[in-house]
Amino acid sequence: ACNSWNSCLNAQEGGADRIELFENLADGGCTPSAGMIKLSTKLSIPAYVMIRPRGGDFCYTRDQIEIMKTDIDVCKTAGVKGIVFGCLTADGKVDTELCRELLQHWGGPATFHRAIDECLDLRAAFETVASLGFERILSSGGEATAEAGMHNLQELQRESGHKIKIMPGSGIHLYNAQTILNTTGCTELHATCKVEVSSKTSGTRGMFSTRTESSLELIKDLKARISA
């Protein structure tokens with residue numbers, strides 16, 4: 001999961017198989033700029049672009065849906081490999097009508113993101129998403145982290161893994177990644193590998209002196225650990 005161009009380059013060099021591209025990490029990720037989307041197509045690994053017009057819940061107005069469609073158009077024009085989105089109804093179920101509308105507008109591979117972890121009936125939600133034609137589901141098993149939800153993910157992988165790829169995500173790090181893979185039976189992981197980076201500038205007030213990005217070293221170490 002990459003929130004900047006430096007993060008993308010680190011993921012590419014570190015051995016990641018695919019990138020989820022987004023911005024606004026503090027709110028769980030939103031759609032990146034058109035410039036970032038276009039540049040991501042120059043990477044040697046595929047980038048899946050987050051389609052999310054704002055933070056917060058996953059129930060959208062028609063205006064916000066039009067923004068999502070316009071962002072999808074940017075992805076199509078740029079030649080992006082895939083997108084990532086998730087839509088729920090006001091009562092916390094998968095919004096099948098809107099998901100189908102956006103999938104048809106896109107016409108390519110798509111991942112349903114952690115909006116699914118807000119659903120009270122995870123089994124029903126996974127079955128619905130699988131039936132809509134998504135390529136994969138990103139989930140923490142309905143818990144705050146994938147480690148906390150790995151036994152739920154194990155059951156969901158057993159029940160739905162033959163229909164759709166299930167990718168554990170949230171709180172993945174070097175010391176729990178292999179356990180989560182072994183326990184769940186899943187074959188993919190979603191990790192940010194984030195660190196705080198200090199600015200190299202001087203002579204400023206220092207109010208904007210740090211940023212968060214994916215660490216090359218952490219990506220390499222995680223990849224090596226799960227590939228051993």
Side-chain angles (χ1 to χ4, degrees), residues 1 11 15-20 22 28-29 45-48 50-52 57-59 81-89 91-100 102-104 106 108-193 218-219 221-228:
D17 300 297
R18 185 179 57 253
I19 286 170
E20 178 187 283
F22 65 94
I45 55 178
Y48 278 46
M50 173 83 76
I51 303 297
R52 188 181 180 211
D57 65 42
F58 305 98
C59 185
K81 300 297 183 183
I83 62 172
V84 182
F85 71 93
C87 308
L88 304 180
T89 60
D91 59 351
K93 295 181 175 63
V94 175
D95 190 333
T96 55
E97 183 177 341
L98 178 52
C99 285
R100 190 174 290 114
L102 294 176
L103 284 171
Q104 289 176 351
W106 165 238
T111 297
F112 194 101
H113 60 43
R114 287 193 60 224
I116 203 161
D117 292 316
E118 286 281 79
C119 298
L120 295 178
D121 190 338
L122 278 180
R123 285 183 176 82
F126 271 64
E127 287 294 319
T128 298
V129 171
S131 72
L132 286 168
F134 281 87
E135 182 180 54
R136 71 175 50 77
I137 296 171
L138 169 63
S139 174
S140 59
E143 301 293 343
T145 66
E147 186 172 10
M150 64 183 174
H151 294 294
N152 292 337
L153 287 168
Q154 181 185 46
E155 293 180 14
L156 292 161
Q157 171 68 18
R158 184 166 55 244
E159 294 171 3
S160 300
H162 62 290
K163 303 175 185 177
I164 190 169
K165 296 174 186 176
I166 298 174
M167 181 169 60
S170 183
I172 304 288
H173 54 72
L174 182 64
Y175 302 105
N176 65 11
Q178 193 61 60
T179 298
I180 291 170
L181 286 176
N182 292 343
T183 301
T184 62
C186 298
T187 59
E188 301 179 340
L189 286 176
H190 172 95
T192 308
C193 296
L218 290 179
I219 295 167
D221 289 347
L222 180 59
K223 182 71 173 183
R225 177 67 62 91
I226 64 177
S227 299

- Side-chain heavy atoms of E188 within contact of L181, under 4.5 Å: no
- Message: Could you check whether any side-chain heavy atom of L156 comes within less than 4.5 Å of a side-chain heavy atom of R123, counting everything from C-beta outward?
- Response: yes
- Query: Is there a donor-acceptor pair closer than 3.5 Å between any side-chain N or O of D117 and the backbone N or O of S140?
  - Reply: yes
- Sorted by chain and number, sequence neighbours left out, side-chain contact (heavy atoms from CB on, under 4.5 Å) with A148 holds for E143, T145
- Item | A191: partners by side-chain contact (heavy atoms from CB on, under 4.5 Å), with sequence neighbours left out | I172, C193, L222
- Under 3.5 Å, is there a donor-acceptor pair between the T111 and E135 side chains? no
- Sort and list the pairs that fulfil ring-ring contact (aromatic ring centres under 6.0 Å, His included) and have at least one residue in residues 143-164, not counting sequence neighbours. none
- Going from NZ on K223 to CG on L218, what distance comes out if it is rounded to the nearest 0.5 angstrom? 15.5 Å
- Query: So with a 6.0 Å cut-off around CD of E118, is the heavy-atom count from everything else above 12?
  - Reply: no
- Message: Keeping N176 on the side-chain end and G171 on the backbone end, is there a donor-acceptor pair under 3.5 Å?
- Response: yes
- Query: Is a side-chain donor or acceptor of R136 paired with a backbone partner of I164 at a separation under 3.5 angstrom?
  - Reply: no
- Message: Less than 4.0 angstrom from a charged side-chain N to a carboxylate O is my criterion; do D121 and K93 meet it?
- Response: no
- For residues S139 and R114, is any side-chain donor paired with an opposing acceptor at under 3.5 Å? no
- Message: Going by the rule side-chain contact (heavy atoms from CB on, under 4.5 Å), which residues pair with L132 if we only count those two or more places apart in sequence or in a different chain?
- Response: V94, T96, C99, R100, L103, T128, F134
- Query: In chain order, what residues pass the side-chain hydrogen bond (donor to acceptor under 3.5 Å, both in side chains) check against N152, with sequence neighbours excluded?
  - Reply: none
- Message: Just so I know, are the side chains of L102 and C87 near enough to count as touching, which here means a heavy-atom distance under 4.5 Å?
- Response: yes
- Taking the side chain from T183 and the backbone from M150, do they hold a donor-acceptor pair closer than 3.5 Å? no
- Apply side-chain contact (heavy atoms from CB on, under 4.5 Å) to A115 and list each qualifying residue two or more places apart in sequence or on a separate chain. F58, L88, F112, H113
- Query: For T184, does its backbone N or O pair with a side-chain atom of Q157 as donor and acceptor, under 3.5 Å?
  - Reply: no
- Message: Whether R18 engages the ring of Y48 as a cation-pi pair (distance to the six-membered ring centre under 6.0 angstrom, angle to the ring normal within 45°) should be assessed.
- Response: yes
